[in-house]
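Only a predicted model underlies this, so the values are computations on that prediction, with no experimental measurement involved. First the proteins, then the strands, lettered A, B, ... as listed; each starts at 1.
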Amino acid sequence: MPKNLVIVESPAKAKTIEKFLGKDYQVMSSFGHIRDLAEKGIGIDFENNYEPQYVVSTDKKKLVSELKKATKDSETIWLASDEDREGEAIAWHLYEELKLKKENTRRIVFHEITKEAILHAIENPRDIDVNLVDAQQARRVLDRIVGFELSPILWRKVRPSLSAGRVQSVAVRLIVEREREINQFSAEANYRVSAVFTSVDVNGKAVELKAELQQRFATKAEAQAFLETCKNAQFSVDNIITKPAKKSPAPPFTTSTLQQEAARKLGFSVAQTMQVAQRLYEAGKITYMRTDSVNLSDLALGTSKAEIISMAGPKYVHIRKFTTKSKGAQEAHEAIRPSYMNAHTVEGTSQEKRLYELIWKRTIASQMADAELEKTSIYISVSGSPLQFVSSGEVIVFDGFLKVYIESTDDDTDAENESLLPAMKNGEKLQSTEIVAQERFSQKPPRYGEASLVRKMEELGIGRPSTYAPTISTIQNRLYVEKGDRTAEKREYNVLKLKAGKITDKIKEENTGAEKSKLFPTDIGTVVNDFLTEYFPEILNYNFTADVEKEFDNIADGDIKWTVAIDKFYKKFHPIVLDTMQNSERQVGERILGVDPASGRQLSVKIGKYGPLAQIGTVEEEEKPVFASLRKEQSIESITLEEALDLFKLPRQVGEFEGKVMTVAIGRFGPYIRHDATFYSLPKTDDPMEVSTERAIEIIEEKREVEKNRIIQTLGENGEIQVLNGRFGPYFTCDKVNYKIFPKGTDPLTLTLERCLELIAAQPEAANKKKPFGRKAAAAKTETKEKPKAKPKAKAKPAAKKK
DNA sequence: CAGTGAGCGAGCTTCCGCTTGACTT
C-alpha cells in the first residue's frame with residue numbers, strides 16, 4: 001500500500017501525475033467539489049450566523065467513502081486541488097468531510113503538470129488558507145441567497161419554474177437591452193464617393209487606381225454638387241505617404257477566446273466546443289480547457305520555439321509572456337495549448353482535428369515574430385474643390401506569425417482587398433474613368449451570438465470558464481432567450497454615377513440585416529428582465545459581480561469576516577424581497593396598442609397562460625374579449641397595431657375543394673390548411689394571409705403525393721408490417737413500433753416477411769423503448785441532458801409510474 | 001400534432017462553480 005495519497009480535482013490529471021510520482025504515491029481525484037449546500041430548502045442557517053449546511057452530493061457518496069478508505073491506509077495526505085478560491089475550498093471540504101488530521105495532511109499547489117513542478121510542490125507544502133476558503137463560502141452563500149430568494153418571486157409574479165441569479169439574469173439583460181437598441185435604431189444615410197483613375201506608371205504601363213473620397217456627404221444634393229465639380233476637374237497626385245506598420249499575434253486561447261474563434265472559424269456552438277475540447281483533453285492532446293489564463297509554461301515556450309525554428313527558421317521566433325487582463329481572472333491553469341507542440345495534427349473525428357489545429361496554430365503563432373507591413377496612401381486632389389481622394393494599399397514585408405494564423409473578427413465587412421499600389425510620382429496627372437456616389441446606411445448594432453455573449457460576460461467579469469456554456473444553456477432552457485435567424489430585408493439605395501461627362505441617377509436594391517444563429521429575447525425574458533431591473537437594480541447592475549468580487553478579495557485578505565460581509569448584503573436585500581413579494585403586481589407585460597376600428601374596443605397584447613396573445617376588449621366589459629395568439633416571430637415589445645389586427649383575420653376560408661371548404665389557420669406547429677378533417681402544413685414560403693384557392697389545392701395534392709409514396713410495400717397476411725419511406729430513409733413498422741432496416745443500403749423492396757421478423761428479433765429494445773418510457777420519461781431525459789446535474793428524482797419518477 | 005386565454009389551488013420549481021459519467025434517441 002502506498003504511503004502517500006494525493007488528491008487532485010480531475011481524473012485525467014491524476015493519471016498523469018501518478019506516472020511522475022512513482023510507487024510510494026497513490027493519486028486519486030475528487031471530481032471537483034464533493035459537497036455543497038443542501039439542495040432542499042435554502043441550505044443556510046439564518047438563525048445561526050449564516051451557518052452553511054453542507055451535504056455530500058448524491059453522486060459523490062461512493063467516491064467519498066472510497067477516498068475515506070484510502071486515507072486510512074496512507075501515512076500522508078496531499079491535497080493538490082487548484083490554487084484558486086474554489087480549489088482551496090475543495091481542499092477544505094475534503095479535509096472536513098474525510099476527517100483528516102492536521103499532522104499528516106499537506107496542502108500543495110502546482111502550476112504546470114511536469115515532474116519538476118510537482119516535486120517542487122511536494123517540497124513546499126503549506127496549510128489550507130482559511131481566508132480564501134471563507135471567500136468561497138461567501139461567494140457560495142451569496143449566490144444561493146440571490147438565486148433562491150429571487151426565483152420564488154418570479155414563480156408568484158410571472159410563471160412557475162422560472163429562475164434568476166447573479167449571472168444568468170445579467171446575461172439575459174444584455175440580450176434584452178441589445179434588442180431594444182436594435183428596435184430603437186434608425187439608420188442614417190450618407191453618400192460615400194469612390195473613383196477609378198487611370199494613369200501611366202513609371203515604366204510607361206497603363207495602370208488603374210481605386211480611391212475613395214475622405215469626406216462623406218450627408219445629403220444627395222451635396223453629393224450631386226461634388227460630382228458636378230468633378231465633371232471638369234483636374235485630378236493629380238498630391239502626396240504619397242508610406243509608413244511601416246506592425247501586427248502582433250493574439251495571446252494563446254482561454255476558454256472564452258477558444259469559444260469565440262471556434263464559433264467564427266468552425267461554426268461550433270459554445271457547448272460543442274467544450275465537448276470536443278474535453279475529448280482532446282482526456283486523450284492527453286491538449287491542456288485543461290476551462291481556464292482564464294493566457295500563460296504558457298516554460299516547457300511549452302521551449303518546445304514552441306524549437307518547433308518554429310524547424311518549421312520557419314529562427315527569425316520567426318519571438319517568445320512572449322502574455323498577461324491576463326480580464327476582470328476577476330483566477331489563473332489556476334495554463335492557457336489552452338497542445339500538450340506536445342510537435343504534433344501539428346491529431347487522430348480523431350473531423351471536429352477534434354479541426355479544433356486541435358486551431359489550438360495548435362494559435363499557440364504557435366503567439367510565439368512568432370510580428371508581421372511587418374508597409375502601408376501606402378496616395379492622396380489625390382481635385383481642382384476646384386478642397387476635398388481629396390485617397391487610395392491606400394498594404395504590402396506584407398515580413399509575414400511573421402501570419403504564416404500560420406489569422407485571428408477573425410466578428411465584423412469582417414471591411415475586408416477590402418488592400419494590396420500593392422502602382423508606383424506613382426507627386427504631381428502626376430490622373431484621368432478619371434468613373435466616379436460613383438453611393439448612398440450607405442449606418443449599421444444596426446449586431447445581436448449577440450453565444451460566443452460573443454460569453455466575451456461580453458467575461459469582459460464584465462460575470463461567470464467563470466466552467467460556467468459559460470451551462471449559463472448559455474440555462475437562459476435558453478428557461479425560454480428567456482432563443483437562438484434564431486433573421487432573414488434579410490430588402491432596402492433601396494441611391495447611386496449617382498459620373499461617367500463620360502454625364503451623371504446618372506439610379507435606385508438599386510440591397511439585402512440587409514440578415515443574421516444567423518443569434519440570441520433573441522423572448523417575451524418572458526423581457527418581462528422578467530424588466531421586473532427584476534425595476535425591483536432589484538443593484539443585483540441586475542452590470543457591476544454587481546465586480547463589486548462583490550472586491551468584497552470577496554477583502555475576505556481572502558483577512559480584512560473582513562465573511563459572515564459580516566454576507567450580513568451586510570442580506571440586511572439590505574431581504575427586505576426588498578419581502579416587499580416585492582407583497583406589493584408588486586402580477587407581471588404580464590401588457591401593452592395597449594390602440595383601438596380595433598371594427599368594434600371600437602381596446603386592442604392590447606400580453607403574456608397569457610399559453611404564451612403571448614393579442615386581445616380585443618377587456619374582461620371588465622360585458623362582452624367577452626376576443627383572443628388570438630401572437631406568431632412565433634412576433635413579440636409583445638415590437639408588434640404594431642396593424643400586425644395585431646391581422647392576427648384576428650384567421651382562421652380564414654380560402655375556397656372549396658372536392659366539395660369541402662378549406663380553412664387556413666395558425667396552430668401550435670405553425671400555419672396549416674384544414675380540409676375534410678385533415679391538416680396540411682403550409683410551407684414557410686407561403687403567407688397564410690395570401691394563400692389562394694389554387695395554391696391551397698396544390699399544397700393538398702403535394703402532400704397526398706408524398707403520402708402515396710410513403711408506403712413501399714405491405715407484408716404479412718393482414719398487412720401488419722408496412723415498409724415505409726421516412727425522413728431518415730426507409731424503415732418498417734409493426735404493431736405501432738418502428739424498426740431499422742440493416743445492413744445499411746438494403747433495397748427495401750427485397751424485404752420479406754421472414755427477414756422482417758428476423759430484424760424485429762434482432763432489435764428487441766425497439767419494442768421495449770415505447771412502453772416503459774412514455775412522453776414524461778422522454779421529457780425528463782432531455783431535461784437531465786440539458787443540465788448536467790443529473791437529478792435522481794427525475795429518474796425515479798418514471799420508474800415509479802410503470803406498474 | 002393544429003379550437004385554448006375565468007379561477008379553485010395540491011405540490012413542485014430555483015442559484016453558481018468545481019468535475020465527469022453512462023446507455024438509449
Side-chain angles (χ1 to χ4, degrees), chain A residues 8-14 29-37 39-43 57 59-60 63 81-82 84-90 93 136 139-156 159-169 278 281-282 288 290 330 332 462-468 470-471 474 478 545 588 606-615 619 624-629 651 663 665-674 677-682 728 738 765-766 768-769 773 777-778 781-782 784-785 787-791 793 797:
Chain A
V8 295
E9 285 176 46
S10 131
K13 208 173 180 178
S29 157
S30 75
F31 293 81
H33 277 294
I34 52 156
R35 61 179 200 181
D36 189 16
L37 295 176
E39 252 193 86
K40 250 192 351 209
I42 198 151
S57 326
D59 52 335
K60 295 288 170 60
L63 172 74
S81 46
D82 297 341
D84 59 7
R85 196 163 67 203
E86 296 295 328
E88 203 66 22
I90 288 175
H93 281 302
Q136 193 274 348
R139 199 281 303 156
R140 183 66 193 93
V141 165
L142 178 100
D143 281 337
R144 173 56 69 87
I145 291 174
V146 170
F148 276 38
E149 295 214 342
L150 286 187
S151 299
I153 304 181
L154 298 179
W155 305 342
R156 266 275 282 282
R159 172 182 289 189
S161 303
L162 294 177
S163 64
R166 173 176 59 83
V167 172
Q168 59 169 289
S169 296
Q278 174 89 31
Y281 168 67
E282 283 169 10
Y288 196 59
R290 289 186 276 263
Q330 308 207 0
I462 297 164
R464 305 276 315 127
S466 65
T467 60
Y468 293 139
T471 303
T474 300
R478 296 273 173 275
T545 291
V588 292
K606 67 174 191 188
I607 292 178
K609 209 153 83 177
Y610 307 105
L613 60 81
Q615 165 180 352
V619 279
K624 275 197 166 184
V626 189
F627 301 98
S629 289
T663 313
I666 294 174
R668 197 152 134 51
F669 306 99
Y672 64 91
I673 302 168
R674 186 182 200 163
T678 314
F679 295 94
Y680 303 87
S681 287
L682 224 57
F728 309 115
N738 297 338
E765 329 82 77
N768 297 333
K769 265 175 213 167
F773 303 100
K781 195 78 220 168
T782 49
T784 52
K785 212 174 169 185
K787 33 179 193 175
K789 271 192 190 174
K791 291 218 171 162
K793 263 187 225 160
K797 233 182 216 168

### Query
What nucleotide, of B:dT20, B:dG17, B:dC18, holds the atom closest to the side chain of A:P11?
B:dT20
### Message
Counting only side-chain nitrogens and oxygens, does A:S29 get under 4.0 Å of the OP1 or OP2 atom of B:dT20?
### Response
no
### Message
If stacking means aromatic ring centre less than 5.5 angstrom from the base's six-membered ring centre, planes under 30°, is A:F31 stacked on B:dC18?
### Response
no
### B:dT13 base stacked by A:W155 (centroids within less than 5.5 Å, tilt under 30°)
yes
### Query
Would you say B:dG17 has OP1 or OP2 under 4.0 Å from some side-chain N or O of A:R166?
yes
### Query
In whole angstrom, what separates A:E86's CD from B:dT19's P?
9 Å
### Pairwise side-chain contact, A:Q615 with A:K606, heavy-atom cut-off 4.5 Å (strictly under)
yes
### Query
Taking for each residue the nucleotide of DNA chain B with the nearest heavy atom, is it A:G87 or A:S151 whose nucleotide lies nearer the 5' end?
A:S151
### Message
Heavy atoms only, 4.0 Å cut-off, all strands: where does A:V167 land among base, sugar-phosphate and nothing?
### Response
sugar-phosphate
### Query
Any idea which of B:dG17, B:dC15, B:dT19 is nearest the A:E9 side chain?
B:dT19
### Message
Under the rule for side-chain hydrogen bond (donor to acceptor under 3.5 Å, both in side chains), what residues qualify as partners of A:Y288, not counting sequence neighbours?
### Response
A:R290
### Summary
salt bridge (Lys or Arg N to Asp or Glu O under 4.0 Å) filter on A:D84, not counting sequence neighbours, yields none
I'd like a table of atom pairs between the protein and nucleotides 3-6 of chain B - only N or O on both sides, under 3.5 Å - with the distance next to each one.
from	atom 1	to	atom 2	distance (Å)
B:dT4	O2	A:Y610	OH	3.1
B:dG5	O6	A:S629	OG	2.5
B:dG5	N2	A:K609	N	3.4
B:dG5	N2	A:Y610	N	2.7
B:dG5	N2	A:G611	N	3.1
B:dG5	N2	A:G611	O	3.1

### Task
Determine, for A:D36 against A:K60, whether the closest basic-nitrogen to carboxylate-oxygen distance falls under 4.0 angstrom.
no
### Summary
Closest non-hydrogen atoms of A:F31 and A:P11, given as atom of the first, atom of the second and distance, are CE2-CG, 3.6 Å
### Task
Would you indicate what A:Q278 reaches in the nucleic acid, counting non-hydrogen atoms under 4.0 angstrom: base, sugar-phosphate, or nothing?
sugar-phosphate
### Message
I'd like to know if the side chain of A:S81 and the backbone of A:V8 have a donor-acceptor N/O pair within less than 3.5 Å.
### Response
no
### Query
Roughly how many Å is it from CZ in A:R144 to C1' in B:dT13, rounded to a whole number?
13 Å
### Query
When the distance from CD of A:E282 to P of B:dG21 is rounded to whole Å, what number comes out?
6 Å
### Query
CZ of A:R156 versus P of B:dC12: gap in Å, rounded?
17 Å
## Note on the structure
From CG of A:D59 across to P of B:dT20 the rounded distance in Å is 13 Å
### Query
Using a cut-off of less than 4.0 Å, is there contact between a side-chain N or O of A:R290 and OP1 or OP2 of B:dT20?
yes
### Message
For a quick check of understanding: with a heavy-atom distance under 4.0 Å over all strands, which category does A:A164 fall into, base, sugar-phosphate or nothing?
### Response
sugar-phosphate
#### Entry: Donor-acceptor contact present, side-chain A:T471 to main-chain A:T467, <3.5 Å
yes
### Message
Heavy atoms only, 4.0 Å cut-off, all strands: where does A:Y468 land among base, sugar-phosphate and nothing?
### Response
nothing
### Query
Taking only residues two or more places apart in sequence or in another chain, which ones pass side-chain contact (heavy atoms from CB on, under 4.5 Å) with A:S629?
none
### Distance, rounded to the nearest Å, where A:L142 contributes CG and B:dC15 contributes P
15 Å
#### Entry: Which residue lies more 5' along DNA chain B, comparing A:S466 with A:L150 via nearest heavy atoms
A:L150
#### Entry: Which residues share a side-chain hydrogen bond (donor to acceptor under 3.5 Å, both in side chains) with A:T545, sequence neighbours left out
A:R166
### Query
Which is true for A:T474 with a 4.0 Å heavy-atom rule: it touches a base, it touches only sugar-phosphate, or it touches nothing?
sugar-phosphate
### Task
Mind checking A:R85 for me? I need base, sugar-phosphate or nothing, with any heavy atom below 4.0 Å counting as a touch.
nothing
### Query
According to a strict under-4.0 Å criterion, is A:R464 in side-chain N/O contact with OP1 or OP2 of B:dT19?
no
### Task
State the dot-bracket string of DNA chain B. Criteria: Watson-Crick or G-U wobble, both atom distances under 3.5 angstrom; notation: ( ) intrastrand, [ ] crossing earlier pairs, | interstrand, . unpaired.
.........................
### Message
So does A:D82 get a backbone contact from the side chain of A:E9, meaning a donor-acceptor N/O pair under 3.5 Å?
### Response
yes
### Task
For the residue pair A:E149 and A:I42, establish whether any side-chain heavy-atom pair is separated by less than 4.5 Å.
yes
### Task
Provide, to the nearest angstrom, the distance between the CD atom belonging to A:E39 and the C1' atom belonging to B:dC12.
14 Å
### B:dT13 to B:dG17 separation - P atoms, rounded to the nearest Å
22 Å
### Task
Pick base, sugar-phosphate or nothing for A:L37, based on heavy-atom distances below 4.0 Å to the nucleic acid.
nothing
### Task
With heavy atoms under 4.0 Å as the rule, sort A:S10 into base, sugar-phosphate or nothing.
sugar-phosphate
### Task
With heavy atoms under 4.0 Å as the rule, sort A:S81 into base, sugar-phosphate or nothing.
nothing
### Query
Whole Å only: how far is the CD1 atom of A:I34 from the P atom of B:dG17?
20 Å
### Among B:dC16, B:dT13, B:dT14, the one nearest A:P152 by side-chain distance
B:dT14
### Task
Would you indicate what A:S161 reaches in the nucleic acid, counting non-hydrogen atoms under 4.0 angstrom: base, sugar-phosphate, or nothing?
base
#### Entry: Short side-chain N/O contact from A:Q168 to OP1 or OP2 of B:dC16, under 4.0 Å
yes
### Task
Check step by step if side chain to side chain contact (heavy atoms under 4.5 Å, CB included) holds for A:H33 and A:H93.
CA-CA 8 Å; A:H33 277 294; A:H93 281 302; 4.2 Å; yes
### Message
Using OP1 and OP2 only, check whether a side-chain N or O of A:Y288 sits under 4.0 Å from B:dT19.
### Response
yes
